[in-house]
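First the structure, in the form of structure tokens, and then the observations on it.
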Amino acid sequence: MDLRIFTEPQQGATYDDLLAVAKATEDLGFDAFFRSDHYLTMGGDGLPGPTDAWTTLAGLARDTSRIRLGTLVSSATFRHPGVLAIQVAQVDQMSGGRVELGLGTGWFAQEHAAYGIPFPEKRFGILEEQLAVVTGLWGTPVGETFSHEGAHYTLTDSPALPKPVQASPLDPARAGVPVIVGGSGPRRTPALAARYAAEFNLAFPAFDEVADKLANVDRALAEAGRAPESLVRSAALVLCVGTDEAELARRAAAIGREVPELREHGVAGTVDEVVDRLAWLGEQGLSRVYLQVLDLHDLEHLDLVAREVVPRLP
């Protein structure tokens, strides 16, 4: 089971706050540091304000050395796919090949209004076309050009540069970074993942729905003629662990949540409960979990998971 640390900086964080969490992630042996890609808080004042996801990851590419870095997920409404392809490829170069791209449709209309970003009512086609363009640019051999004419984007004779350091997990003969696609729909999103993604992510799923959602992914892979083991299956879930009930309650209060609700929906509880939950998720077919850390200043929380939970996982 890969455990990745997942942060929500729009709730209020500086680059130095994020760097401290990323350094702890690296030092404690976790697999990766990921962040959301949002520009508006979803509660509280959000001070000191948002940080841009790919600017942050560029900095962390130079300030870390081992962990993988990425977004969960960038919104297709935020950036032109040609610009996004350049940004991600450059950060991949800066990190020595440690970047992953989570890409989704975007959903938070208010943040678009707050910063003057268009928010079309129908966005799935935009996402699908962005995936085609971004992976197409990366995968075009050096010396050749890439063109695309679609409903949303037209690219003409692009040199398709720069290239990521990594090879595409779907076609190792071409350049590319691992792409993460997620969603709750039964057919369209799994089909998109089967076509473009190295990983399918379930964002905060109800536990009793995990098996059915993964079965949808299996069907999409079979329909695409793709080997089931070629796609990583993951979930993002809120983290709240305590050595005892008092510590658990203190951590829940710090993020404005109730202990019973966290136990029902997250990787939460005592150390024994969290070990059991992660083992159960592995039995359902997940090989990776993104632990959503909402209190960025409680680095002891990460240390507890590294010391007491990780050694006991199957």
Side-chain angles (χ1 to χ4, degrees), residues 1-14 16-36 38 41-47 67 72 182 201-211 213 233-314:
M1 175 72 73
D2 290 335
L3 295 182
R4 295 182 159 189
I5 301 305
F6 170 43
T7 61
E8 302 276 2
Q10 76 279 355
Q11 298 303 98
T14 65
D16 287 340
D17 294 332
L18 296 172
L19 176 60
V21 177
K23 288 283 194 182
T25 298
E26 187 158 86
D27 294 343
L28 292 170
F30 292 102
D31 181 60
F33 173 93
F34 270 60
R35 58 156 293 160
S36 60
H38 284 293
T41 182
M42 297 162 196
D45 56 25
L47 292 173
I67 51 174
L72 203 67
N201 179 261
L202 296 173
F204 311 104
F207 291 129
D208 60 1
E209 296 178 356
V210 169
K213 291 185 183 299
R233 295 154 180 81
S234 67
L237 294 160
V238 64
L239 176 71
C240 191
V241 191
T243 55
D244 53 32
E245 292 297 326
E247 186 173 74
L248 178 62
R250 174 177 62 80
R251 288 204 162 107
I255 61 174
R257 304 279 285 269
E258 299 292 333
V259 169
E261 177 265 327
L262 287 166
R263 278 190 162 113
E264 182 179 356
H265 298 292
V267 176
T270 62
V271 169
D272 287 345
E273 288 176 298
V274 167
V275 169
D276 289 345
R277 175 62 72 193
L278 289 169
W280 180 85
L281 290 168
E283 292 168 359
Q284 306 312 299
L286 298 174
S287 61
R288 179 173 292 157
V289 174
Y290 293 81
L291 301 173
Q292 185 196 42
V293 175
L294 296 176
D295 184 353
L296 299 182
H297 300 288
D298 185 5
L299 300 183
E300 173 59 29
H301 198 187
L302 305 188
D303 183 70
L304 174 62
V305 175
R307 283 187 293 105
E308 302 293 339
V309 174
V310 171
R312 295 175 55 189
L313 293 177

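All values below were derived from every heavy atom in this structure, side-chain atoms included, with hydrogens, water molecules and symmetry-related copies excluded.
- In terms of the side-chain contact (heavy atoms from CB on, under 4.5 Å) criterion, residue partners of A203 (sequence neighbours excluded) are, by chain and number, N201.
- A search for side-chain hydrogen bond (donor to acceptor under 3.5 Å, both in side chains) contacts involving R277 returns nothing, not counting sequence neighbours.
- The shortest distance between side-chain heavy atoms of L278 and L3 falls below 4.5 Å.
- No side-chain heavy atom of V274 sits less than 4.5 Å from a side-chain heavy atom of C240.
- Here CG of L291 is found 12.5 Å from CZ of F34. Values are rounded to the nearest 0.5 Å.
- Residues passing the side-chain hydrogen bond (donor to acceptor under 3.5 Å, both in side chains) test with E273 are R263, T270, sequence neighbours excluded.
- For the pair D17 (side chain) and T14 (backbone), a donor-acceptor distance under 3.5 Å is present.
- Atom CZ of residue F6 and atom CG of residue L237 lie 10.5 Å apart, to the nearest 0.5 angstrom.
- Checked against side-chain contact (heavy atoms from CB on, under 4.5 Å), A254 has the following partners two or more places apart in sequence or in another chain: D295.
- Interatomic distance, Y290 OH to D31 CG, rounded to the nearest 0.5 Å: 8.0 Å.
- Using a 4.5 Å cut-off on side-chain heavy atoms (C-beta onward), E300 and R251 make contact.
- Applying the side-chain contact (heavy atoms from CB on, under 4.5 Å) test to A22 and every residue at least two apart in sequence or in another chain returns F33, L60, T64, I67.
- A search for side-chain hydrogen bond (donor to acceptor under 3.5 Å, both in side chains) contacts involving Q10 returns E8, S36, not counting sequence neighbours.
- Here the closest non-hydrogen pair linking L262 and A252 is CD1-CB, 3.6 Å.
- Within the 4.5 Å cutoff, side-chain heavy atoms of M1 are placed close to those of V289.
- Note that the OG1 atom of T7 and the CD atom of Q292 stand 9.0 Å from one another [nearest 0.5 Å].
- Among residues two or more places apart in sequence or in another chain, the side-chain hydrogen bond (donor to acceptor under 3.5 Å, both in side chains) test is passed with Q11 by T41.
- Between L296 and V293, the shortest heavy-atom contact is CD2-O, 3.7 Å.
- Shown here for A249 and V259, the closest heavy-atom pair between the two residues is CA-CG2, 3.8 Å.
- With sequence neighbours left out, the salt bridge (charged side-chain N to carboxylate O under 4.0 Å, His left out) criterion links D276 to no other residue.
- Side-chain contact between R257 and L294 is present, with heavy atoms from C-beta onward closer than 4.5 Å.
- Remark: K23 NZ to D16 CG distance equals 11.5 Å, nearest 0.5 Å.
- With sequence neighbours left out, the salt bridge (charged side-chain N to carboxylate O under 4.0 Å, His left out) criterion links D27 to no other residue.
- Not counting sequence neighbours, the partners of R250 by the side-chain contact (heavy atoms from CB on, under 4.5 Å) test are E247.
- No side-chain heavy atom of L304 sits under 4.5 Å from any side-chain heavy atom of V309.
- Applying the salt bridge (charged side-chain N to carboxylate O under 4.0 Å, His left out) rule to D2 yields the partners R288; only residues at least two apart in sequence or on another chain are considered.
- In this structure, R307 and L28 have side chains that are not in contact, with every pair of non-hydrogen atoms separated by 4.5 Å or more.
- For A306 against V310, the heavy-atom pair with the smallest separation is O-CB, 3.8 Å.
- We find the CD-CG distance between Q284 and D208 to be 10.5 Å, quoted to the nearest 0.5 Å.
- Shown here is E258, whose CD atom has no more than 12 heavy atoms of other residues, nucleotides or ligands within 6.0 Å.
- In this structure, E308 has no salt bridge (charged side-chain N to carboxylate O under 4.0 Å, His left out) partners at least two apart in sequence or on a different chain.
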